[in-house]
Amino acid sequence: MQHNSRSVTSNQPGPHHDLARQVSRALAYPLRKPIAEHTKHSFAQAAEWFQARQAPLILDSGCGVGLSTRQLALQFPTRAVIGVDRSESRLGRDHGDLPANALLVRADLVDFWRLAHQAGWAPERHYLLYPNPYPKSGHLKMRWHGHPILPTLLALGGCLELRSNWPIYVEEFALAVAQVTGRQSSVAEISPTVDYLTPFEAKYAQSGQALWRLRVDLERT
């Protein structure tokens, strides 16, 4: 089926002029807001499941309806794959049984990442698939690379993969990664045709939009 999803429109012609200052602020002032009790509970359940697996970890952050988590679990059958999303409605949609090596968790990602770092989790792979681009210039702080959680996100380590249909988002993320870690990201246009990881990926690709992938290998800190 051919889709007709509109491309991202923004009043930014390129990377945000305030990005470097925002990243510096995130480094200087670590996030200290209290962690929500519901995420503490969800993380405890996820930690118990993960400990029982005794397998390397893959995180699928912002997994939506969980189709990407399912695909990653099938692609990496010897890994423990945890998909995290804040929406009970999305996670509750019926897409069949989960593979035995997959778990879906309802939690706030900002809090979940902080708990994962405190617990010493070190994902082998970490996926951020098509996060909301928040394309208005005034929304920089709502993008993951403009949010105070960025240093914690990167400190988890692993092979981090971000996909987006907005190249400026990917370019900004790469700049932020380099500023925090000194590491250079690999950025490439991708053209999936059948094995779409998420419904958004399918919708964007079938609408004829260019898709972009960033990969960077991070050390846990």
Side-chain angles (χ1 to χ4, degrees), residues 3-33 35-36 39 59-68 83-91 106-114 126-156 160-181 185 187-190 196-205 207-216:
H3 290 269
N4 188 26
S5 176
R6 290 182 297 175
S7 300
V8 176
T9 58
S10 174
N11 56 347
Q12 280 186 225
H16 201 287
H17 64 86
D18 206 32
L19 176 64
R21 188 184 71 85
Q22 193 64 33
V23 172
S24 294
R25 183 174 179 82
L27 288 168
Y29 302 101
L31 192 61
R32 300 194 186 281
K33 78 176 184 70
I35 293 174
T39 295
L59 281 181
D60 182 16
S61 291
C63 66
V65 297
L67 289 176
S68 51
V84 185
D85 200 273
R86 67 182 178 182
S87 171
E88 184 176 11
S89 173
R90 286 191 291 263
L91 292 173
R106 182 184 174 227
D108 176 85
L109 274 175
V110 170
D111 289 349
F112 193 91
W113 286 336
R114 287 193 289 164
H126 192 174
Y127 290 85
L128 292 171
L129 301 174
Y130 303 95
N132 189 327
Y134 294 107
K136 293 182 180 180
S137 178
H139 291 167
L140 171 64
K141 294 179 182 179
M142 302 174 74
R143 303 170 199 163
W144 288 131
H145 46 272
H147 193 284
I149 196 61
L150 177 70
T152 302
L153 162 61
L154 300 181
L156 285 170
L160 179 63
E161 179 167 327
L162 165 78
R163 295 190 187 186
S164 178
N165 64 327
W166 190 34
I168 288 176
Y169 193 104
V170 177
E171 186 176 357
E172 286 182 348
F173 198 93
L175 290 170
V177 168
Q179 183 175 341
V180 174
T181 70
S185 304
V187 175
E189 186 174 352
I190 58 173
Y196 303 113
L197 272 179
T198 79
F200 282 118
E201 184 163 271
K203 181 172 68 172
Y204 299 150
S207 298
Q209 297 184 32
L211 304 178
W212 301 89
R213 179 182 65 205
L214 174 150
R215 284 177 175 167
V216 60

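- The NE2 atom of His16 sits 13.5 Å away from the CD atom of Glu171 when rounded to the nearest 0.5 Å.
- With a 4.5 Å cut-off on side-chain heavy atoms, Cys63 and Leu91 count as touching.
- Separating the CG atom in Leu156 from the CG atom in Leu59 is a distance of 7.0 Å, to the nearest 0.5 Å.
- Considering all non-hydrogen atoms of both residues, Pro151 and Ala26 come closest at CG-O, 3.8 Å.
- Heavy-atom minimum distance, Gly64 versus Asp85: N-OD2, 2.8 Å.
- Of the candidates Trp113, Phe173, Tyr134, Trp144 forms a ring-ring contact (aromatic ring centres under 6.0 Å, His included) with just one, namely Trp113.
- In terms of the side-chain contact (heavy atoms from CB on, under 4.5 Å) criterion, residue partners of Pro199 (sequence neighbours excluded) are, by chain and number, Val65, Leu67.
- In this structure, the side chains of Pro133 and Ile168 stay at 4.5 Å or more apart for every pair of heavy atoms.
- In this structure, Asn165 CG and Glu201 CD are separated by 10.0 Å, a value rounded to the nearest 0.5 Å.
- The shortest distance between side-chain heavy atoms of His145 and Val23 does not fall below 4.5 Å.
- Across Lys203 and Ser207, no two heavy atoms sit closer than the pair O-OG, 2.8 Å.
- Looking at every heavy atom in both residues, Ser185 comes nearest to Val216 through OG-CB, 3.6 Å.
- Taking 4.5 Å as the limit, every side-chain heavy atom of His147 sits out of range of all side-chain heavy atoms of Leu153.
- The distance from the CG atom of Leu150 to the CZ atom of Arg25 is 14.5 Å, given to the nearest 0.5 Å.
- Looking at every heavy atom in both residues, Asn11 comes nearest to Pro135 through OD1-O, 4.0 Å.
- Listed for the Arg106 side chain is a donor-acceptor partner under 3.5 Å among the backbone atoms of Arg86.
- Heavy atoms only, all atoms of each residue included: Leu129 and Ser68 are closest at CD1-CB, 3.7 Å.
- Qualifying side-chain hydrogen bond (donor to acceptor under 3.5 Å, both in side chains) partners for Ser87, counting only residues two or more places apart in sequence or in other chains: none.
- Residue Tyr130 places its OH atom among more than 12 non-hydrogen atoms of other residues, nucleotides or ligands, all under 6.0 Å distant.
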Exercise for the section: Would you please test Lys33 and Arg114 for side-chain contact (heavy atoms from CB on, under 4.5 Å) and show each step? Expected result: CA-CA 11 Å; Lys33 78 176 184 70; Arg114 287 193 289 164; 3.5 Å; yes
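- Atom CG of Leu140 is separated from atom CZ of Arg21 by 9.0 Å, given to the nearest 0.5 angstrom.
- Between Thr152 and Leu31, every side-chain heavy-atom pair lies at or beyond the 4.5 Å cut-off.
- Identified under the salt bridge (charged side-chain N to carboxylate O under 4.0 Å, His left out) test for residues 135-150, with sequence neighbours left out: Arg143-Glu172.
- Put simply, CD on Glu161 and CG on Asp60 are 10.5 Å apart, with the number rounded to the nearest 0.5 Å.
- A donor-acceptor pair under 3.5 Å links the side-chain atoms of Thr39 to the main chain of Asp108, judged by distance alone.
- Ring pair Tyr169/Trp166 is tilted by interplanar angle, where 30° to 60° counts as tilted.
- At distances below 3.5 Å, at least one donor-acceptor pair connects side-chain atoms of Gln209 with backbone N or O atoms of Ser5.
- With a 6.0 Å radius and a threshold of 12 heavy atoms from other residues, nucleotides or ligands, Glu189 has its CD atom above the threshold.
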